[in-house]
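These notes are about the structure you will find just below.
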Amino acid sequence: MRRVRPGTTTSRGGAGSRTAGEERALTSVAAGDRFQSGGSRDLPRLWHVTLSVSGSRAPIAEVRRALKQLAHDHPFLLTSRYADDHAEIRYWEEARDLHDAAAVALRLWGEHRQTAGLPPWEIVGLEVIDRATYHQRIAAGYGPAPATPVGVHPF
C-alpha cells in the first residue's frame, strides 16, 4: 500500500494521473500580486529574541572579541552581555511566526561559531516574544531598561 498526501493522487495510473506527454496547466501570477490567506498570519512580524549560552571558561577578551565580530557580521544584534563562562544576546528577528524566529535563533550560535570565533558553548536558554508583549513588559517595568546601551558589554 502506498501512502499519498491528502488531496493528491498517485503518479502511477491513479485517477488523476497524466498520460505520457500530457503537460500540467500552469497559472500565472501578475507582478506585485500577493497570496491572499484571509489574514496577516503570513506576513512577517517582529520578535524579540533573548539567547543565553554558557560553557567552560574562556578568556574574557576572546569572548568580547567574538561577540563584537558576531555583531559586526550581523548588525541586527541589539546588545550582548558576557562573562567568561556565559553570554546573553538580544535582538529583533523578522519572521512569519514564533516557530520561524525560534528556529533562526537556535541556529545562530552554532552557525557562526567558526566565522566569529565564538566559544564552544551550548544554548541554555531561549525566549522569543512578540513586539506587543515586549512593549507591555517594558511599560510594566519588567525586562531590560529601554536605556540599556546597544553593543557588547560585560555583565
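Note that this is a predicted model, so its numbers are computed, not measured. Along the sequence shown, the residues carry numbers beginning at 1.
Between V49 and A105, the shortest heavy-atom contact is CG1-CB, 3.7 Å. The nearest pair of heavy atoms linking G117 to R65 is O-NH2, 3.6 Å. Between A83 and F155, the closest heavy-atom pair is N-CD1, 3.8 Å. Between V63 and A58 the shortest heavy-atom distance is CG2-CB, 3.8 Å. H86 approaches S54 most closely through the heavy-atom pair CB-CB, 3.7 Å. Looking at every heavy atom in both residues, A95 comes nearest to D100 through CB-CB, 3.9 Å.
Looking only at side-chain heavy atoms (C-beta outward), H48 and L78 come within less than 4.5 Å of each other. I129 has its side chain within reach of R137: a pair of non-hydrogen atoms, C-beta onward, lies under 4.5 Å apart. Contact annotation: the side chain of E94 never approaches that of W92 to less than 4.5 Å [non-hydrogen atoms, C-beta and beyond].
In this structure, L106 CG and L126 CG are separated by 5.0 Å, a value rounded to the nearest 0.5 Å. Between T79 atom OG1 and I89 atom CD1 the span is 10.0 Å, to the nearest 0.5 Å. A distance of 14.0 Å separates CG of D73 from NZ of K68, quoted to the nearest 0.5 Å. In this structure, R96 CZ and L43 CG are separated by 11.0 Å, a value rounded to the nearest 0.5 Å. Here the straight-line distance linking atom CD of E62 with atom OH of Y82 works out to 11.5 Å at 0.5 Å rounding. From E122, atom CD reaches atom OG of S56 across 10.5 Å, with rounding to the nearest 0.5 Å.
Taking the six-membered ring where tryptophan is involved, the planes of W109 and W121 are essentially parallel, since the angle between them stays under 30° and well short of 60°. Between H74 and H112, the ring planes are perpendicular. Angles over 60° get that label, and only those under 30° would be called parallel.
Cluster annotation: L108 and V104 are assigned to distinct hydrophobic clusters (Ile/Leu/Val/Met/Phe/Trp/Tyr, side-chain heavy-atom contacts under 4.5 Å, transitive). The hydrophobic clustering, which links ILVMFWY residues whose side-chain heavy atoms are closer than 4.5 Å, places L70 and I60 together. If you chain together hydrophobic residues whose side chains sit under 4.5 Å apart, L118 and V124 never meet in one group.
Panel note: side chain R64, backbone V152; a donor-acceptor pair is recorded below 3.5 Å.
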